[in-house]
Amino acid sequence: MKIKILSVLSILWIMDDLTAQISYPVTTRQDIVENYHGTQVADPYRWLEDDNSEATKEWVKAQNKVTFDYLEKIPFRNKVRERLEKLWNYPKYSAPAREGDFYYFYKNDGLQNQSVLYRQKGLDGEPEVFLDPNKLSSEGTAALGGVSFSKNSKYCVYTISKAGSDWSEAFVMDVASKTLLKDKLDWLKFSSLSWIGEDGFYYSRYPEPDEKNKLSGQNKFHMVYYHKVGTSQADDIHIFSDEANPLHYHFATVTEDQQYLIVGKSKGTSGVALMARKISDGLDAPLRLIFSGYDYEATVIESDGDRLLVQTNKGAPNYKVVGISYANALEMNWTTIIPEQKEVLESVSTSGGYLFCNYLKDASSLVVQYDIKGKKIRDIQLPGIGSAGGFSGKKEDKELFYSFTSFTNPADIFRYQSESGESTLFRSSEVKFNPQDYTTEQVFFTSKDGTKVPMFLSYKKGIKRDGNNPVLLYGYGGFNISLTPAFSISNQFFMEQGGIYVSVNLRGGNEYGETWHKAGMLEKKQNVFDDFIAAAEYLIKEKYTQPSKLAIRGGSNGGLLVGACMTQRPELFKVALPAVGVMDMLRYQKFTVGFGWVVEYGSSDNAKDFPYIYKYSPLHNLKPGTAYPATMVTTADHDDRVVPAHSFKFAARLQECHNGENPVLIRVDVDAGHGAGKPTSKTIDEAADIWSFVMWNLGMKFME
């Protein structure tokens, strides 16, 4: 690589000039104070919660102008975008899946805004476009969501979401002719699509919302319906809802053998109760409770005669597979199919009459094949340390396809023969860099309370541990979600520029099962922040970097992570990137589906929960006169998962409190949401702005 170098004096002069030119918009303060269990809490920027008000819209415009004026002055910003676009421009494929006589797969030619769903007859057939969401919006903001085929592949139902919203519409297509039927379903959200034969399918929806508040209003009364092909949504049959608990989630699935309907109930993002009924009993037959309470997880894998195979952590923090009798589902009658292991059982899938168990060994995939009775067949030999996905197919399939990826290698697709265990490379990615130039190491550090925590460090071979490396530290730490090795073109760019990308497996996730999850939730949430801070301190102590070279990043719950850590230890980090974060922990439950996170965080409505939530809530722990890291808050106007008001209020308060030379900005994307379905063009634009901001504030030089 050639390096274009600006003199040190020039760089310092431009940096000082950029910061000196920032004049933050004046944000109106209102005299709003709320009493939380005897504690008076000011909320002067509550007016920013109204995403429809002209005042909020003008504030967003003013903030974006300041942000983009700053970004446009970074001398290598255009070069960063050009390089990212070049790296991004390679074909990307999903693993194929068989439906009837066709294999279906997603492909993005490189820079298409949305991936296209293709099909081909047999593995040697000529691919043809089946569904192309790029034709639904000139800006590429219409995204294809779930796709589900009827039992004999006569029909498929698919969902479309627009501008990043969680709301979606469903359409039904005749598979042979690729002709749309008249069926159209509205107001789906968090819905599975599960067929009974060729006649119809189950789905979940909410009542039609008020147009003004559809992106921020609290969602209530999640309902399960049955839709018969060829009829109006108005004629759909109501299957289940819970009027007594309007904030609960409900979903429906049908077992592959078409024997059972499973209806799940959940208070939030963890814990479930399951009900079932035999399909043969009809749509009006009562549902039978098979897994009670909301304290544990349970997922029906498949049915095996008169019993259901269920993955659960009840009595097994690392999960196990049990057989539950439909006729007598009491726990005392459960049979253990696959007992709990030392490694956490992340997921179970089926194909060819086998069970494929994806375990995590120190946050890396370990896949084991069992027969339906729980007899171990073999360990599947994976290419190395990384993440494997797929391992699913139909009962009659003799082969399946899976993907494997790592931090420095894009996903390769493998073909697996279920009987012999033979695994062969089916398709590899043709990237525009040499993966062999990069490496990943896993290290373990000690957190504040003595807990050993793992993290992965990925970088270009040959770096020196002299304390001068730019580092991006990424984490999530919540909702039972595991951070496993995964390739990112965006992160690859940072490594190419000499940076070290670090992913840390914080408590609150599922890397070590439910025990690990519970150690980072509710009143123990501070453990997550302590882990992240300890990771930063380890990287500094071991001379990978220093505070002036350290950036932190996280999104959603990870945005909360960044917000909490930058307010608790502002001197430890040079750059902070909180994305679509949950920043107002006292009011998050009042918007869209935020109530579903109470099981994870607790609620300010509860006198017992309020003290610990208030103690770390990012918005409420910004202190006047403090020098905060260079910060770029990112959010989007159509984020109806974590509403942008969180970021708006945090940015306003941050600008009010900040006393230092670092820029503290907010970048608000338009026609975009929480992240899913974002067009490639917007994704590259955002990545270019983020890396330009990071590199500039870490004092990095752009290398061509």
Side-chain angles (χ1 to χ4, degrees), residues 94-99 103-106 146-149 151 192-195 251 253-260 262 264 272 274 297-304 307-313 316 318-324 337-341 343-361 364-383 386-405 411-423 426 480-482 484 486 510 513:
S94 72
R98 187 183 66 81
E99 294 289 348
Y103 283 89
Y104 291 80
F105 62 93
Y106 290 91
V147 179
S148 179
F149 290 84
K151 180 63 176 175
S192 55
L193 302 165
S194 203
W195 287 83
F251 58 89
T253 58
V254 175
T255 54
E256 184 187 353
D257 62 9
Q258 301 276 288
Q259 295 299 305
Y260 297 96
I262 310 298
V272 69
L274 296 177
E297 303 291 345
T299 303
V300 174
I301 303 163
E302 183 49 284
S303 63
D304 180 27
R307 68 177 181 176
L308 296 164
L309 303 186
V310 178
Q311 177 190 354
T312 183
N313 61 1
N318 285 355
Y319 293 84
K320 61 184 177 181
V321 177
V322 298
I324 299 179
I337 308 300
I338 301 173
E340 181 184 24
Q341 309 289 327
E343 294 80 18
V344 61
L345 178 56
E346 180 85 340
S347 63
V348 184
S349 54
T350 62
S351 181
Y354 294 101
L355 303 177
F356 292 88
C357 294
N358 195 331
Y359 293 93
L360 290 183
K361 182 176 176 59
S364 185
S365 289
L366 175 67
V367 182
V368 183
Q369 181 179 353
Y370 294 87
D371 70 15
I372 202 74
K373 304 300 182 184
K375 177 185 176 183
K376 182 177 178 179
I377 304 300
R378 63 178 65 89
D379 294 325
I380 296 175
Q381 299 302 311
L382 299 175
S387 300
F391 292 99
S392 63
K394 293 183 168 45
K395 189 172 184 179
E396 63 269 21
D397 288 344
K398 300 300 182 185
E399 64 180 6
L400 56 81
F401 296 84
Y402 69 92
S403 62
F404 184 84
T405 186
D412 288 330
I413 299 169
F414 293 84
R415 187 177 182 179
Y416 181 78
Q417 305 298 325
S418 300
E419 294 296 331
S420 66
E422 180 184 5
S423 190
F426 178 74
N480 216 20
I481 293 173
S482 303
T484 61
N510 190 46

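From a predicted model like this one, the values you see are computed outputs, not experimental measurements.
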Subject >> Gly323 versus Ile337, closest heavy-atom pair with distance >> reply: N-CG1, 3.6 Å
Subject >> Test side chain to side chain donor-acceptor pair (under 3.5 Å) applied to Glu396 - qualifying residues, sequence neighbours left out >> reply: Arg98
**OP:** Begin with the C-alpha distance, continue with both residues' side-chain angles, and end with the deciding distance and a verdict on side-chain contact (heavy atoms from CB on, under 4.5 Å) for Asp304 and Glu302.
**Re:** CA-CA 7 Å; Asp304 180 27; Glu302 183 49 284; over 6 Å; no
Original post:
For Ser347, does its backbone N or O pair with a side-chain atom of Asn358 as donor and acceptor, under 3.5 Å?
Top reply: no
Subject >> From Ser351 atom OG to Glu256 atom CD, the distance as rounded to the nearest 0.5 Å >> reply: 8.5 Å
**OP:** Please round to the nearest 0.5 Å and tell me the distance separating atom OG of Ser423 and atom CD of Gln381.
**Re:** 9.5 Å
Original post:
Is the side chain of Thr405 donor-acceptor paired with the backbone N or O of Ser387 at a distance under 3.5 Å, no angle test?
Top reply: no
Original post:
Just by modelled atom types, is the Asn313 backbone N or O under 3.5 Å from a matching donor or acceptor in the Glu297 side chain?
Top reply: no
**OP:** With ring pair (Phe, Tyr, Trp, His ring centres under 6.0 Å) as the test, would you mind laying out the steps for Phe149 and Tyr104 before giving the verdict?
**Re:** CA-CA 11 Å; Phe149 290 84; Tyr104 291 80; 4.6 Å; yes
**OP:** First locate atom OG of Ser420, then atom CZ of Arg378, and finally report the distance between them rounded to the nearest 0.5 Å.
**Re:** 6.5 Å
Subject >> Option among Asp397, Ile377, Leu400 that satisfies the side-chain contact (heavy atoms from CB on, under 4.5 Å) test with Ser418 >> reply: Leu400
Original post:
Taking only residues two or more places apart in sequence, or in another chain, which ones meet Gln417 in a side chain to side chain donor-acceptor pair (under 3.5 Å)?
Top reply: Glu399
**OP:** Rounded to the nearest 0.5 Å, what's the gap from OG1 on Thr299 to CD on Gln311? Could you check?
**Re:** 5.5 Å
Original post:
Rounded to the nearest 0.5 Å, how far apart are OH of Tyr319 and CG of Asn510?
Top reply: 5.0 Å
Original post:
Who passes ring-ring contact (aromatic ring centres under 6.0 Å, His included) against Phe391, sequence neighbours left out?
Top reply: Phe356, Tyr402
Subject >> Flag, side chain of Ser403 to backbone of Ile413, donor-acceptor distance under 3.5 Å >> reply: no
Original post:
Is a side-chain donor or acceptor of Ser148 paired with a backbone partner of Leu193 at a separation under 3.5 angstrom?
Top reply: yes
**OP:** Taking all heavy atoms of Ser349 and all of Gly390, pick out the closest pair and write down the distance.
**Re:** OG-O, 3.6 Å
Subject >> Check: Tyr359 main-chain N/O paired with Gln341 side-chain donor or acceptor under 3.5 Å >> reply: no
**OP:** To the nearest 0.5 angstrom, please state how far the SG atom of Cys357 sits from the CG atom of Leu366.
**Re:** 10.0 Å
Original post:
Do you know the tightest heavy-atom contact between Arg307 and Ile372?
Top reply: NH2-O, 4.3 Å
